[in-house]
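Chain letters run A, B, ... following the sequence lines, proteins first, then strands; residues in each count from 1.
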There are 2 protein chains.
Amino acid sequence: MQLRRHDVLSGAIAILDEYGLGDLTMRRLGAALGVQAGALYWHFPNKQSLLAAITDEMLAPVTVEPAAAAAAAWDERLRTLARRMRDGLLAHRDGAEVATASYAARLASDAPRHAMADAFAEGGLPVQEAAMAARALFSFILGQTMDEQSRMQMDSHGALDPSDSPLFESPSAADYFEYGLGLFTDGVRSRLSGRL
Amino acid sequence: MQLRRHDVLSGAIAILDEYGLGDLTMRRLGAALGVQAGALYWHFPNKQSLLAAITDEMLAPVTVEPAAAAAAAWDERLRTLARRMRDGLLAHRDGAEVATASYAARLASDAPRHAMADAFAEGGLPVQEAAMAARALFSFILGQTMDEQSRMQMDSHGALDPSDSPLFESPSAADYFEYGLGLFTDGVRSRLSGRL
DNA sequence: ACCTGAACACCGTTCAAGT
DNA sequence: ACCTGAACACCGTTCAAGT
């Protein structure tokens, strides 16, 4: 049976989830798929593009906008987008690290950030400002989630202090995220009210 | 003449500035210093620790606090800290990428982020909230600067569109940064006024 | 104490040649 | 069109042995 681009992508995600980014090598992926490493280059021009495809896959839920979310107020809509992004990254081992690398290489889709810019603009921000706010929020989400995920890694197989019960995730990680998110929306709100 | 830890560090920074992170290998660094790659492991346990030392060096200016800055209002002080951090990262090729990797590995100093938390607390935020705000701001700075720097890289030896004159840096990069920064301080201000 | 020499166990990527 | 086999040009890290 012949290998398809999608098989390579889902095989890569499977290795990522089970062994992490450090073990996601072209040779290993080839072996898991029953082909030589070189065969993968028929489907993807290089490893970076493969990682970018993983990123787009992880963040696809951000831009599927059900009618309910679109009808909500701009700040609630932004919260939804931000949470979906965080959830998408947390759903896969080293997800935030993969996404950070992909965006640094400018290979991943801009659709998630554009959706955020649209939400800011809908709130009343001029398009230029909405783009800047979206950029800032996007950076925050990526950085915060990467931080959170690297801490999860350390807790899972490292020296975890028994201060509180870390099941799989630090209990305050979500709080940190929500707080930062609130800071953004409050900042935007104060700019909107200053303009009225 | 014998190699010192500091020589390894400054040699690494020199390679980083001239050739970038991709060319900063232990072998190449050894060659530049006139030793074998293995010799470097006498001074640093691994490459990650070396990169973390570079990060600490780049961000050292953030925590040298002249009296003038300490006397300023909390928001002005935070702007100063944030700008110093961005400047420190931009001062070296791939600086933001090195710092991101170091913080993801949890090897770089927390002093810069603590300085920001202190400034937030001085503004009137409860210590727990100040810590969260500092974390969010720190993520934003790292992400935004990495974005900016990766774009500089593309402009310098890539397809640069002649929309405006990109000398070394996109002209709006600083504006993006200041806008995001303002969003944070406005967000905090709105929370402070809500408490009074 | 500090460094060499040499190895170990890998990488991503390319490409003629096969089917 | 899709993949193999094999190579190219590297990596980070370790460690006995030297000085």
By nearest-nucleotide position on DNA chain C, the 5'-leaning member of A:A39 and A:T25 is A:T25

Counting any heavy atom closer than 4.0 Å, what does B:Q2 reach on the DNA or RNA strands: base, sugar-phosphate only, or nothing? sugar-phosphate

The reported gap from CZ in B:R83 to CG in B:L90 (rounded to nearest 0.5 angstrom) is 13.5 Å

CG of B:L21 to CD of B:Q153, rounded to nearest 0.5 Å, is 10.0 Å

How close or far is atom [atom2] of [N] from atom [atom1] of [X], stated in whole angstroms?
X	N	atom1	atom2	answer
A:L3	D:dT4	CG	C1'	14 Å
A:M26	D:dC8	CE	C1'	17 Å
A:R27	D:dT4	CZ	C1'	14 Å
B:L33	C:dC3	CG	P	10 Å
B:D23	D:dG12	CG	P	11 Å
A:Y41	C:dC15	OH	P	13 Å
B:R4	C:dC3	CZ	P	10 Å
B:Q36	D:dC11	CD	P	14 Å

Practice task
With P as the reference atom in both, quote the distance from D:dA9 to C:dA9 in angstrom, rounded to an integer.
Solution key: 23 Å

Practice item. With C1' as the reference atom in both, quote the distance from C:dC10 to D:dC8 in angstrom, rounded to an integer. Key: 15 Å

Residues in residues 5-19 of chain A with a heavy atom under 4.0 Å of DNA chain D, by number, are none

Practice task
Classify the angle between the aromatic ring planes of A:F184 and B:F140 as parallel (below 30°), tilted (30 to 60°) or perpendicular (above 60°).
Solution key: perpendicular

* **Close side-chain approach of A:F120 and A:V127, heavy atoms under 4.5 Å** => no

**Prompt:** Taking the side chain as C-beta and beyond, is there a heavy-atom pair between A:W74 and A:L125 under 4.5 Å?
**Reply:** no

For [Y], does its backbone N or O pair with a side-chain atom of [X] as donor and acceptor, under 3.5 Å?
X	Y	value
A:D75	A:T185	no
A:R5	A:W42	no
A:D110	A:R113	no
A:S172	A:D175	no

Check your understanding: Going by atom types alone, do B:N46 and B:S49 pair a side-chain donor with an acceptor below 3.5 Å?
Key -> yes

| query | Among side-chain atoms of A:R189 and B:S190, is any donor-acceptor pair under 3.5 angstrom? | reply | no

Taking every heavy atom of B:M146 against every heavy atom of A:A104, the minimum-distance pair comes out as CE-CB, 3.5 Å

Under a 4.0 Å heavy-atom cutoff, the residues of residues 42-56 of chain A touching DNA chain C are A:N46, A:K47

Base-pair string, DNA chain D, Watson-Crick plus G-U, cut-off 3.5 Å on both distances, | for inter-strand, is ||.|||||...|||||.||

